[in-house]
Amino acid sequence: MQGSLQGKKGLVVGIANQDSIAWGCARALRAAGAELAITWLNDKARPHVEPLARQLDAAISMPLDVEQPEQLDALFAAITAQWGKIDFVLHSIAYAPGADLHGRVIDSSADGFARAMDVSCHSLMRMARLAEPLMTDGGSLLTMSYLGAEEVVPHYGMMGPVKAALEAAVRYLAAELGPRGIRVNAISPGPLATRAASGITGFDELLANAARRAPLKHTVTIDDVGALCAFLASDAARAMTGGTLYVDGGYHILG
């Protein structure tokens with residue numbers, strides 16, 4: 001079946017707990033037949049993520065803080081040693097220092113903006129570079145964006161320009177990796193009640209507004225995002241690359 005992930009192996013980065021978008025994606029990927037590698041950010045996150053990795057029968061589970069280059073190298077070394085190849089990577093991480101995130105974009109610090117760009121955007125490029133030689137049969141790179149990348153969303157602040165850069169990176173990576181059969185896409189979910197979203201001022205109002213205004217009149221779930229992720233990782237999406245695909249009940253069409 002085209003949508004099946006039987007025999008495919010992939011990395012999921014960004015699970016923090018059972019409310020994470022990456023967790024919904026990992027479940028969908030596993031249900032479609034994929035074998036998974038799972039990471040946790042640090043020792044504080046590990047007790048929350050390891051039980052989820054066991055539920056997925058994860059073949060590889062390791063720490064990954066992308067601000068520690070040796071951890072990313074160790075992760076891909078383990079993938080190379082155990083699998084010798086990889087078929088997809090899901091990059092579902094973002095970060096901005098609180099003081100910068102909650103202030104005006106114009107007031108953001110150079111260091112804060114640089115960290116946000118490094119963790120939220122450039123880390124995708126680093127993963128792509130390490131995954132490229134392992135995607136011997138082509139593959140799929142996926143990342144998570146948000147509507148604030150293309151229009152001003154109140155209180156989204158500095159993450160708007162950062163996500164815009166991420167979407168531009170997706171297009172450039174798609175152009176560069178396409179000749180190797182590697183597809184690169186961004187998924188743009190509607191607002192979801194995740195731990196990361198809780199840091200956005202006025203998030204409850206944003207969530208309620210999305211449900212009220214979206215053509216489908218409801219918010220989305222991590223399982224909705226997971227279904228799209230599993231499709232994009234599969235051969236059924238073999239002709240799709242360089243795009244930002246929305247799963248937001250149609251909210252993005254309203255302008």
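This one's a predicted model, so the numbers in the text were calculated from it and none came from an experiment.
No side-chain heavy atom of Thr244 sits under 4.5 Å from any side-chain heavy atom of Tyr146. Considering only heavy atoms from C-beta on, Pro47 stays 4.5 Å or farther from Trp40 through its side chain. Counting heavy atoms from C-beta outward, Asp19 and Ile222 have side chains that stay 4.5 Å or more apart.
Summarising the geometry, atom CE belonging to Met158 is positioned 12.0 Å from atom NZ belonging to Lys163; distances are rounded to the nearest 0.5 Å. Between Tyr156 atom OH and Leu101 atom CG the span is 8.5 Å, to the nearest 0.5 Å. Rounding to the nearest 0.5 Å gives a distance of 11.5 Å between CG of Leu29 and NZ of Lys8. Interatomic distance, CG of Leu11 versus CE of Met127, reported as 6.5 Å (0.5 Å rounding). Remark: Leu75 CG to Leu64 CG distance equals 5.5 Å, nearest 0.5 Å. Rounded to the nearest 0.5 angstrom, Met240 CE and Arg183 CZ are separated by 8.5 Å.
For the pairing with Pro189, the side chain to side chain contact (heavy atoms under 4.5 Å, CB included) check across Leu147, Leu245, Ile21, Asp224 returns one residue only, Ile21.
Checked by atom type and distance alone, the side chain of Ser234 never pairs as donor or acceptor with a backbone atom of Ser4 at under 3.5 Å. At least one donor-acceptor pair under 3.5 Å links the side chain of Lys217 to the backbone N or O of Arg212. Side-chain atoms of Ser20 do not come within 3.5 Å of backbone N or O of Trp23 as any donor-acceptor pair. Within the 3.5 Å criterion, the main-chain N or O of Gly10 finds no donor-acceptor partner in the side chain of Asp87. A donor-acceptor contact shorter than 3.5 Å links the side chain of Asp100 to the backbone of Ser109. Under a 3.5 Å cut-off, the side chain of Thr143 and the backbone N or O of His91 do form a donor-acceptor pair. Proximity of a side-chain donor or acceptor of Ser140 to a complementary backbone N or O of Leu232 within less than 3.5 Å is detected. Side chain of Asp235 to main chain of Arg238: no donor-acceptor pair is present (N/O by atom type, distance under 3.5 Å, no hydrogens or angles). Glu167 places no side-chain N or O within 3.5 Å of a backbone atom of Ala149 that could act as its donor or acceptor partner.
Salt bridge status for Arg126 with Asp118: present, with a side-chain N to carboxylate O gap under 4.0 Å.
A search for side-chain hydrogen bond (donor to acceptor under 3.5 Å, both in side chains) contacts involving Asp248 returns His252, not counting sequence neighbours. Scanning for side-chain hydrogen bond (donor to acceptor under 3.5 Å, both in side chains) contacts around Ser92 gives an empty result, with sequence neighbours left out.
Leu124 and Ile38 end up in different hydrophobic clusters when Ile, Leu, Val, Met, Phe, Trp and Tyr side chains are linked at under 4.5 Å.
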